[in-house]
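Keep in mind that what you see is a predicted model, and the values were worked out from it rather than measured.
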Amino acid sequence: MSPRTYNSARRREAAEVTRERIVAAAHALLAEPAGVSAFTVDAVARRAGVARMTVYNQFGSKAAVLEALFNWLAVRGGIHGPAGIATALDETDPFDGVRALFRVMARYYSADRMVKRRVHALAALQPDVAEALRGREERRRGFIRTLLGRIEATRAPWPAGRMAELEQLMFALTSFESFDVLAGPHRGFAEIAPT
């Protein structure tokens with residue numbers, strides 16, 4: 001009897017399907033009313049129909065599951081793609097780039113808003129979630145820094161400390177928390193982006 005041939009392509013495909021189920025399960029858990037308190041690796045595994053060890057084998061940690069969820073939300077919310085962050089950074093006029101950044105972030109925050117609200121709540125409670133989210137937030141800060149540097153290059157240099165103040169202000173204004181407050185319970189992308 002000959003040994004079965006190893007099919008790495010099929011194994012990779014099966015692993016990818018499993019990863020997608022785990023990310024979808026994480027999203028579904030956070031979309032539920034008890035989302036924050038129910039979000040554990042065990043709960044994600046149960047929802048995905050896999051063993052807890054499978055989640056760890058596929059991702060290594062809860063933070064890595066969240067990182068995959070953040071990537072999924074970014075694609076779904078338009079951070080990447082034709083009207084995403086790259087478009088804002090590619091604007092010839094850096095002020096148009098700033099306006100585009102606000103539109104991109106408002107669109108992103110409008111999609112899956114409850115899940116994003118719960119991720120931020122979870123970050124306030126769990127250091128590993130806070131660390132995963134912090135990486136995303138620092139990317140946004142980098143985009144802001146790039147746009148402000150381009151603006152400064154078109155004019156006389158700002159006084160000492162002004163760049164840091166503007167960066168912090170834009171960081172606050174482009175945050176989920178600011179969007180959530182401005183949007184209130186009923187407003188979304190169309191109403192908030194121009195604001």
Side-chain angles (χ1 to χ4, degrees), residues 16-50 52 54-56 58-85 87-88 99-141 143-144 170-195:
E16 188 55 38
V17 167
T18 300
R19 286 176 69 83
E20 288 172 8
R21 278 193 9 233
I22 293 168
V23 171
H27 178 266
L29 275 171
L30 287 170
E32 291 179 350
V36 173
S37 60
F39 192 82
T40 64
V41 170
D42 287 334
V44 170
R46 275 193 305 277
R47 176 60 69 95
V50 299
R52 178 178 197 262
T54 301
V55 175
Y56 283 111
Q58 291 291 319
F59 293 95
S61 68
K62 181 171 65 175
V65 172
L66 285 167
E67 184 64 28
L69 175 61
F70 296 160
N71 288 337
W72 186 80
L73 290 170
V75 169
R76 190 170 153 132
I79 290 288
H80 310 295
I85 290 290
T87 303
R99 284 186 279 278
L101 176 65
F102 277 96
R103 282 192 306 275
V104 168
M105 296 314 299
R107 185 182 316 103
Y108 169 68
Y109 294 143
S110 292
D112 290 300
R113 187 171 166 198
M114 184 56 68
V115 170
K116 290 180 181 98
R117 188 180 288 154
R118 290 180 175 150
V119 165
H120 284 261
L122 202 55
L125 301 170
Q126 298 181 10
D128 55 341
V129 178
E131 187 60 34
L133 187 58
R134 190 173 302 114
R136 292 290 167 150
E137 298 288 89
E138 287 308 311
R139 287 183 204 165
R140 179 168 51 88
R141 185 183 296 279
F143 301 142
I144 291 166
M170 280 188 60
F171 188 70
L173 290 174
T174 59
S175 70
F176 174 74
E177 292 81 2
S178 290
F179 172 84
D180 205 33
V181 168
L182 287 169
H186 305 292
R187 297 169 70 199
F189 167 70
E191 298 90 355
I192 299 307
T195 304

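Taking CE of Met170 as the start and OG of Ser175 as the end, the distance is 12.0 Å to the nearest 0.5 Å. To the nearest 0.5 Å, atoms CZ (Arg141) and OG1 (Thr174) are separated by 9.0 Å. Put simply, CD1 on Ile144 and CG on Leu101 are 6.0 Å apart, with the number rounded to the nearest 0.5 Å. Of the inter-residue distances, the one linking Leu66 atom CG with Asn71 atom CG reads 11.0 Å to the nearest 0.5 angstrom.
Between Tyr109 and Phe179, the ring planes are tilted. Angles from 30° to 60° get that label.
Side-chain atoms of Arg136 and Glu67, non-hydrogen and from C-beta on, do get closer than 4.5 Å to each other. Residues Gln58 and Val65 fail the side-chain proximity criterion, which asks for heavy atoms closer than 4.5 Å. The shortest side-chain heavy-atom distance between Phe39 and Val129 does not fall under the 4.5 Å cut-off. Proximity of Ile79 to Met105: side-chain heavy atoms (C-beta onward) are separated by under 4.5 Å at one or more points. By the 4.5 Å heavy-atom criterion applied to side chains, Phe59 and Val41 are not counted as neighbours.
For the side chain to side chain contact (heavy atoms under 4.5 Å, CB included) criterion with Phe176, the lone passing option out of Arg117, Arg140, Glu137 is Arg117. Screening Lys116, His120, Arg113 for a side-chain hydrogen bond (donor to acceptor under 3.5 Å, both in side chains) involving Asp180 leaves a single residue, Arg113.
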With a 3.5 Å cut-off and sequence neighbours excluded, list the donor-acceptor pairs that the side chains of residues 21-31 form with protein atoms.
| from | atom 1 | to | atom 2 | distance (Å) |
| --- | --- | --- | --- | --- |
| Arg21 | NE | Ala48 | O | 3.0 |
| Arg21 | NH2 | Ala48 | O | 2.8 |
| Arg21 | NH2 | Gly49 | O | 3.4 |
| His27 | NE2 | Asp112 | OD1 | 2.9 |

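Arg187 contributes a side-chain N or O that, together with a main-chain N or O of Leu182, makes up a donor-acceptor pair within less than 3.5 Å. A donor-acceptor pair under 3.5 Å is absent between the side-chain atoms of Arg19 and the main chain of Val55, judged by distance alone.
Taking all atoms of both residues into account, the shortest heavy-atom contact from Ala111 to Gly77 is CB-CA, 4.0 Å. Contact record, Ala172 with Ser178: O-OG, 2.5 Å, taken as the closest heavy-atom pair.
For the pair Glu131 and Lys62, the salt-bridge criterion is not met [side-chain N within less than 4.0 Å of a carboxylate O].
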